Colleague: 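One structure follows; several queries about it will come next.
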Amino acid sequence: MLKRFTFIFLMPLLFFPFLPGHGSTANWQDETIYHVMVDRFYNGNTDNDRHVNIDNLNKYQGGDFKGVTSKLDYIKEMGFTAIALNPVVQNMDGDYTGNSPLDFTAINENYGTIDELKELVREAHNRDMKIILDFQVNHVGQGHPWLEEDGKEDWFHEERTITEAGESRDQENGWLDGKPDLAQENPVVASYLIDAAKWWAEKTDIDGYRLLYMEYVPESFWADFINEVKTDHPDLYLLGEADVEAVQNLRLDGVLDKEQLGELQKAFATTDREMDSLFNRWDKLFGMLENPHNTVISMDTETTERFTKETERAKEFPGTRWKMALTYLYTMPGIPMMTYGSEIALNGGDKPDNHRMMNFRTDEELIEYITKLSDLRQEYPALAAGDLELLQTDGAMAVFKRETKDQTMIVAINNSSKTKTIQLDSALFENNQELRGKLNTDLVREQDGLYGITLERETAEVYLVEEESGLNIGFLAILILIPISFVVFLIVAKKKGRQTN
């Protein structure tokens with residue numbers, strides 16, 4: 001009897017330290033995405049090193065699925081919950097990016113086998129991480145054999161070369177960078193492409209697609225694509241890479257905000273740039289989208305120059321510039337997406353310079369900063385799902401609020417070249433509240449009706465709004481009473497045991 005009472009009494013104490021905190025990533029607004037160009041990440045299997053020339057960035061460098069699998073813990077430890085891979089379909093010889101398809105239902109053998117891709121997905125899932133594949137249906141590789149194949153004459157639009165930087169007139173029918181443009185209005189072509197997307201989802205158990213070159217393909221096709229793929233795979237995440245305004249009528253799960261990407265580079269590449277335009281963009285997104293929190297935000301992509309290149313032009317130290325930018329990415333609405341190598345401030349201009357090989361032997365200061373931001377985003381749900389309110393700006397310093405029903409966070413970013421102070425009216429808070437810094441342990445309390453937030457140049461802080469700290473008498477009393485009560489319980493139980501004997 002004594003043992004039974006002791007077990008019952010100790011049960012809540014034993015499990016108290018393990019009570020669950022912020023839960024699983026059921027909503028994509030809780031995710032953070034790490035984008036990997038497979039060939040440029042890590043060579044885990046030299047047996048598939050076909051056409052590799054490490055002295056020429058235009059050629060394959062040897063990265064593969066095995067390499068990504070071997071680095072899953074590295075990616076997870078930074079706090080990323082999802083990995084996006086560049087297109088993995090079989091490609092025309094030489095295109096390491098995966099954007100010159102030969103067969104939409106075959107694997108790029110330079111990356112490995114489909115079994116190795118399945119293993120990557122399985123190992124990611126074992127770590128509670130998701131895998132997204134980049135997928136494009138706009139074109140095939142230059143010189144594709146279908147161009148000479150009988151019966152496929154109407155699979156392509158008439159040849160007319162366009163570029164991504166060129167005019168958008170009639171871009172749905174142009175050959176992007178000279179690659180044969182598929183005619184998605186042809187029902188046979190449409191079925192082939194949609195079936196290919198279903199095939200990869202069924203074969204590999206991936207969690208979603210990032211849909212590339214959406215603006216070069218008719219909206220009517222995308223509507224059918226989304227409907228059919230979602231019918232077979234309702235939980236598959238579909239992220240569009242296109243102008244948000246152009247695809248807002250489609251049932252996408254998220255869109256990469258390409259307009260904000262450019263604004264972010266301008267704002268954070270150097271100091272003393274105003275941030276009002278960024279908040280104006282969010283005002284527009286909140287007014288336009290049903291769920292703006294599913295908007296993906298990034299500092300660069302595999303098709304742009306590296307953000308580090310922008311900081312280099314501005315003659316700024318890239319590590320500090322990245323810290324400012326990353327604080328914004330991780331504390332604003334939306335899903336942060338980082339291109340591989342950003343954690344080491346990898347540099348690079350136009351392709352292929354922006355696709356340099358990943359280096360795992362570098363300074364870890366930026367990695368530690370990303371990890372800390374990831375921890376904060378997971379610990380405080382308001383940073384991912386809270387409402388956004390800009391409280392005050394002063395040139396290149398901004399203070400804003402992220403708030404849910406149960407939690408209020410205040411974020412301050414001083415992107416200027418001087419120490420700055422912003423005074424917040426105490427009317428914004430309840431009585432006896434303080435701002436407790438969670439990034440750099442700053443503490444702000446009310447003085448004369450104001451909360452003064454002071455930050456040195458090029459620094460940031462993330463505050464939790466809570467009651468002023470002090471001795472918590474009630475909590476201390478509980479801590480004292482629990483062991484006393486337990487000792488008393490044992491003494492009484494022991495006496496009763498003697499009486500029974």
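The structure displayed is predicted, hence computed values, not measured ones. Hydrogens, waters and symmetry mates play no part in the numbers below; they use all other heavy atoms, side chains included.
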Colleague: Between the side chains of Asp170 and Asn173, does any donor sit under 3.5 Å from an acceptor?
Modeller: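 Per modelled atom types, Asp170 and Asn173 side chains form a pair under 3.5 Å.
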
Colleague: Any donor-acceptor pair under 3.5 Å linking the side-chain atoms of Glu434 with those of Tyr463?
Modeller: no

Colleague: Applying side chain to side chain contact (heavy atoms under 4.5 Å, CB included), name anything that partners Asp181, two or more places apart in sequence or on another chain.
Modeller: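 Asn138, His157, Trp175.
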
Colleague: Could you verify whether a donor N or O on one side chain and an acceptor N or O on the other, from Thr459 and Asn414, lie under 3.5 Å apart?
Modeller: no

Colleague: Is the closest side-chain donor-acceptor distance between Thr308 and Trp322 under 3.5 Å?
Modeller: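 Yes, a side-chain donor-acceptor pair sits under 3.5 Å.
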
Colleague: Verify whether one side chain among Thr404 and Asp406 offers a donor that lies under 3.5 Å from an acceptor in the other.
Modeller: no

Colleague: Is it true that the side chains of Thr270 and Glu316 contain a donor and an acceptor less than 3.5 Å apart?
Modeller: yes

Colleague: Do Thr271 and Ser417 get their side chains close enough for a donor-acceptor pair, meaning under 3.5 Å?
Modeller: no

Colleague: Can a donor-acceptor pair be found between the side chains of Thr81 and Glu31 at a distance below 3.5 Å?
Modeller: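 Yes.
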
Colleague: Would you say the side chains of Arg321 and Asn415 form a donor-acceptor pair under 3.5 Å?
Modeller: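 The criterion, which ignores hydrogens and geometry beyond distance, is satisfied for Asn415 and Arg321.
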
Colleague: Establish, from distance only, whether the side-chain atoms of Thr408 and Glu403 form a donor-acceptor pair under 3.5 Å.
Modeller: yes

Colleague: Against the six-membered ring of Phe307, is Arg313 placed for a cation-pi contact (under 6.0 Å from the centre, within 45° of the normal)?
Modeller: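 Because its charged atom misses either the 6.0 Å distance or the 45° angle limit, Arg313 does not stack over Phe307.
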
Colleague: On the 0 to 90° scale, with breaks at 30° and 60°, tag the Phe268-Tyr328 ring pair as parallel, tilted or perpendicular.
Modeller: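 Taking Tyr328 first and then Phe268, their aromatic rings sit tilted (interplane angle of 30° to 60°).
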
Colleague: Which pairs, with at least one residue in residues 414-433 and sequence neighbours excluded, count as a salt bridge (charged side-chain N to carboxylate O under 4.0 Å, His left out)?
Modeller: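 Pairs touching residues 414-433 that pass the test: Asp394-Lys420.
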
Colleague: Does a side chain donor of either Asp177 or Thr163 reach within less than 3.5 Å of an acceptor in the other side chain?
Modeller: no

Colleague: Just jot down the ring-ring contact (aromatic ring centres under 6.0 Å, His included) partners of Phe65, sequence neighbours excluded, or say none.
Modeller: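 Phe65: ring-ring contact (aromatic ring centres under 6.0 Å, His included) contacts with Tyr111.
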
Colleague: Check whether any side-chain heavy atom of Lys76 sits under 4.5 Å from a side-chain heavy atom of Leu72, and report yes or no.
Modeller: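 Result no, sub-4.5 Å side-chain heavy-atom pair not found.
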
Colleague: Does either side chain, that of Ser342 or that of Tyr34, offer a donor lying less than 3.5 Å from an acceptor on the other one?
Modeller: no

Colleague: Please say which of Lys130, His233, His125 ends up in a side-chain hydrogen bond (donor to acceptor under 3.5 Å, both in side chains) with Asp207.
Modeller: His125

Colleague: Parallel, tilted or perpendicular, judged at 30° and 60°: which one describes the rings of Phe104 and Tyr192?
Modeller: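 Taking Tyr192 first and then Phe104, their aromatic rings stand perpendicular (interplane angle over 60°).
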
Colleague: Taking it one step at a time, do His139 and Tyr216 satisfy side chain to side chain donor-acceptor pair (under 3.5 Å)?
Modeller: CA-CA 9 Å; His139 56 260; Tyr216 297 93; over 6 Å; no

Colleague: Sequence neighbours excluded, which residues qualify as ring-ring contact (aromatic ring centres under 6.0 Å, His included) partners of His293?
Modeller: Phe286

Colleague: If the condition is ring-ring contact (aromatic ring centres under 6.0 Å, His included), which residues does His35 pass it with, not counting sequence neighbours?
Modeller: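 With sequence neighbours excluded, His35 shows a ring-ring contact (aromatic ring centres under 6.0 Å, His included) to no residue whatsoever.
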
Colleague: Answer with yes or no whether the side chains of Tyr209 and Gln136 bring together a donor and an acceptor at under 3.5 Å.
Modeller: no

Colleague: I'd like to know if the side chain of Ser100 pairs up with that of Asp95 as donor and acceptor (distance under 3.5 Å, no hydrogens or angles considered).
Modeller: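 Yes, because at least one side-chain N or O of Ser100 sits under 3.5 Å from a partner of the opposite role on Asp95.
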
Colleague: Please identify each residue that fulfils side chain to side chain contact (heavy atoms under 4.5 Å, CB included) with Phe221, with sequence neighbours left out.
Modeller: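 Residues passing side chain to side chain contact (heavy atoms under 4.5 Å, CB included) with Phe221: Val137, Gln184, Ala190, Leu193, Ile194, Val217, Phe225.
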
Colleague: Quick one: do the Glu312 and Asn347 side chains pair a donor with an acceptor below 3.5 Å?
Modeller: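 Looking only at side-chain atoms, Asn347 and Glu312 do form a donor-acceptor pair, the distance falling under 3.5 Å.
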
